[in-house]
Amino acid sequence: MNERKFEQLELSAPIQRALSERGYTKPSPIQAKAIPLLLKGGDLLACAQTGTGKTAAFALPLLHNIASCGRKPFRRGVRHLVLTPTRELAGQVADSFKIYGKYIKFSTGLVYGGVSEKPQIKQLFQGLDVLVACPGRLIDLMDQGHVDLSQVETFILDEADRMLDMGFIRDIRKIESKLPKKRQTLLFSATMATEITKLGQAMLYKPDEVRIAPQGSTAEKVDQQVLFLGKNAKQKLILDMLHRRFDDNQEELSLIFTRTKHGAKNLAKKFIQEGLSADSIHGNKSQSAREKTLDRYRQGEIDILVATDVAARGIDVKNITLVVNYDLPMEPDAYVHRIGRTARAGKSGQAISFCTEEEVALLRQVERLIKKPIPVKRDHDYHLQEVEDLHTSKRPVKKPAQGRRSGASAGSRSRGRPNRTANKRGKPFRSGAGGNGGSSERTSSGRRNYQR
Ligand code: ADP
Ligand code: MG
């Protein structure tokens with residue numbers, strides 16, 4: 001553990017002030033390593049577990065640069081460009097810049113799809129010190145001549161491995177082709193498989209590489225468990241778990257991941273019917289509804305958020321103490337990111353994964369990635385020994401299909417904050433939230449709805 005203090009990192013005084021106001025006393029390991037390297041101006045590939053402060057690791061040196069150089073962006077120009085895979089994460093990263101740069105004069109912009117272009121075009125017209133964007137909308141605005149990337153000084157990919165995978169790579173290449181050759185490029189993520197690392201390195205010039213933990217490492221303080229059960233028992237078990245949790249008067253937040261948008265919507269609806277305080281967030285919701293739901297969840301107005309992988313990466317919400325993989329993810333890295341929504345900034349948390357016979361192959365690929373077995377929780381009402389046996393046996397299991405597309409159509413929103421005292425237990429259950437298809441959507445303005 002690095003015992004350095006922020007003062008030793010030579011960041012400008014207004015930044016130090018914002019940090020101490022925020023209660024940051026010492027840099028996290030990734031911050032302690034990355035910040036000095038970035039202040040020197042080199043390229044960087046950085047990998048550190050979820051919740052360890054990667055945002056500040058790239059934002060602080062960038063803000064320091066803005067504070068100390070005094071150069072102004074020119075019309076439609078952007079000095080520092082950060083790309084993220086989801087709109088919610090883009091908003092959160094832009095907010096972090098504002099928090100850390102509270103005492104610095106600089107301009108930030110936010111560009112993503114699903115909302116009107118007009119205010120974004122207006123923001124860009126003046127030129128921006130920092131632009132946080134999702135690739136799809138940025139390309140739309142670029143093609144229309146509303147943004148000029150020819151003088152970008154720093155190019156950052158947050159959740160870099162996701163940005164370089166097949167859902168985004170074409171857009172990234174297109175954006176990269178508009179950037180000047182001479183620039184600083186930074187890649188940050190909690191997961192970075194070898195193939196992706198190679199792809200990323202091709203974008204970098206003599207990069208430094210910082211890896212705080214081996215590839216696939218989960219956040220240190222997550223207590224992980226897996227439950228083996230039948231497909232039709234999932235809904236009853238989750239209801240039992242959540243009722244028990246809230247009967248015990250827990251004020252903490254829970255985050256439940258499903259594989260499909262419909263699954264998320266239906267499960268949240270079920271929770272509400274059962275008197276729980278829940279809502280969902282997924283790609284079939286309008287952007288404003290997604291933002292509103294996330295805000296209410298952040299404020300603690302809803303206790304349970306049911307989400308697709310659109311909420312798997314980057315989202316930082318205090319007080320999430322339980323993550324449930326209601327369905328295991330199709331791609332193993334998503335597991336690391338999903339459970340990383342808890343146990344952030346040194347806190348601890350719990351992650352429970354449901355595994356049916358059909359999901360044993362998915363569980364195996366997760367365990368291969370994180371390089372350890374997930375401890376089994378044997379809940380006697382639900383435990384299916386034959387599924388556990390299938391998992392522990394060396395028998396081949398059906399491989400998960402990769403890269404599926406979902407034909408899910410638009411769905412209605414389920415919201416509201418019902419009275420928790422209206423709990424109804426032991427209702428008959430049905431399985432409804434499983435099924436095919438991906439859940440993590442492209443963030444472009446609806447041209448493609450890429451599914452993982
Ligand atoms: P990551 O991108 O690595 O998942 P974030 O940048 O979202 O992590 O930060 C996770 C949480 O840790 C945020 O709530 C942030 O405010 C907090 N945090 C970051 N750096 C520090 C620090 N040095 N001291 C205390 N809290 C920090
Ligand atoms: Mg992050």
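Note that the numbering runs from 1 along the sequence shown for the chain.
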When you measure from the side chain of Q184 to the backbone of G42, do you find a donor-acceptor pair of N or O atoms at a distance under 3.5 Å?
yes
So does K261 get a backbone contact from the side chain of T308, meaning a donor-acceptor N/O pair under 3.5 Å?
no
Between the side chains of Q287 and E291, does any donor sit under 3.5 Å from an acceptor?
yes
Under 3.5 Å, is there a donor on one side chain and an acceptor on the other for T258 and D327?
no
Side-chain ion pair, D161 and R313, N-O less than 4.0 Å
yes
Within the distance-only criterion (no hydrogens, no angle test), does the side chain of K285 pair as donor or acceptor with the backbone N or O of S280 below 3.5 angstrom?
yes
With no hydrogens and no angle check, do the side chains of S288 and R290 hold a donor and an acceptor under 3.5 Å apart?
no
I'd like to know if the side chain of T342 reaches the main chain of I339, judged simply by a donor and an acceptor atom lying under 3.5 Å from each other, with no hydrogens or angles considered.
no
Backbone of I374 reached by a side-chain donor or acceptor of E367 within 3.5 Å
yes
Is L81 close to I156 at the side-chain level, that is, under 4.5 Å between some pair of heavy atoms?
no
Closest non-hydrogen atom pair, V324 against M241:
CG2-CE, 3.8 Å
Could you tell me if E88 and Y112 have a donor-acceptor pair between their side chains, going purely by distance under 3.5 Å?
no
Which is it for F155 and L149 under the side-chain contact (heavy atoms from CB on, under 4.5 Å) test, yes or no, and what are the steps along the way?
CA-CA 10 Å; F155 179 49; L149 301 180; over 6 Å; no
To the closest 0.5 Å, what do you measure between CG (L63) and NE2 (H80)?
8.5 Å
How about Y24 and Y100: are their ring centres within less than 6.0 Å of each other?
yes
Regarding Q92 and R298, is there a side-chain donor-to-acceptor distance under 3.5 Å anywhere?
yes
Is any side-chain N of the basic residue among R162 and D165 closer than 4.0 Å to the acidic one's carboxylate O?
yes
Do K5 and T25 have side-chain N/O donor and acceptor atoms under 3.5 Å apart?
no
Hey, are Q365 and Y335 close enough side-chain-wise for a donor-acceptor pair under 3.5 Å?
no
In residues 48-60, what donor-acceptor pairs under 3.5 Å come from side-chain atoms, sequence neighbours left out?
from : atom 1 : to  : atom 2 : distance (Å)
T52  : OG1    : Q49 : O      : 2.6
K54  : NZ     : A48 : O      : 2.9
K54  : NZ     : Q49 : O      : 3.0

Could you walk me through whether R245 and T321 pass side chain to side chain donor-acceptor pair (under 3.5 Å), step by step?
CA-CA 11 Å; R245 184 169 155 86; T321 50; 2.8 Å; yes
E359/R259 ion pair, N-O < 4.0 Å
yes
Any chance you could lay out the side-chain contact (heavy atoms from CB on, under 4.5 Å) test for C134 and T84, step after step, and finish with the verdict?
CA-CA 5 Å; C134 294; T84 74; 3.9 Å; yes
Is it true that a side-chain atom of K221 and a backbone atom of G346 form a donor plus acceptor pair closer than 3.5 Å?
yes
Show the nearest heavy-atom pair for residues V336 and S217, with the distance to one decimal.
CG1-O, 3.6 Å
Residues in side-chain hydrogen bond (donor to acceptor under 3.5 Å, both in side chains) contact with E153, at least two apart in sequence or another chain
R71, R79
Report yes or no: does Q31 contribute a side-chain atom to a donor-acceptor pair with the main-chain N or O of S28 at less than 3.5 Å?
yes
To the nearest 0.5 Å, what is the distance between CG on L186 and CG on L62?
7.5 Å
Check step by step if side-chain contact (heavy atoms from CB on, under 4.5 Å) holds for L110 and Q120.
CA-CA 7 Å; L110 194 51; Q120 299 179 355; over 6 Å; no
Audit row: R17, K102, side-chain contact (heavy atoms from CB on, under 4.5 Å) steps and yes/no
CA-CA 9 Å; R17 187 170 155 210; K102 191 175 166 191; over 6 Å; no
Distance-only, no hydrogens or angles: does the D129 side chain make a donor-acceptor pair with backbone N or O of S107 under 3.5 Å?
yes
Do R368 side-chain atoms and P332 backbone N/O form a donor-acceptor pair below 3.5 Å?
no
Determine whether the side chains of T218 and Q224 contain a donor N or O and an acceptor N or O closer than 3.5 Å.
yes
May I ask you to say whether D43 pairs ionically with K206, meaning some side-chain N is under 4.0 Å from a carboxylate O?
no
Is it true that the NZ or CZ of K26 lies under 6.0 Å from the centre of F6's six-membered ring and within 45 degrees of the ring axis?
no
Polar contact flag, side-chain donor to acceptor under 3.5 angstrom, D240-Y382:
yes
Between atom CG of L363 and atom OG of S353, what is the distance when rounded to the nearest 0.5 Å?
7.5 Å
Ion pair check, K292 and D279, cut-off under 4.0 Å
no
Check this for me: does any side-chain nitrogen of one of E209 and R211 sit under 4.0 Å from a carboxylate oxygen of the other?
yes
Return the orientation label for the Y326 and F354 ring planes: parallel under 30°, perpendicular over 60°, tilted otherwise.
tilted
Donor-acceptor pair, side chain of H282 and main chain of A307, under 3.5 angstrom:
no
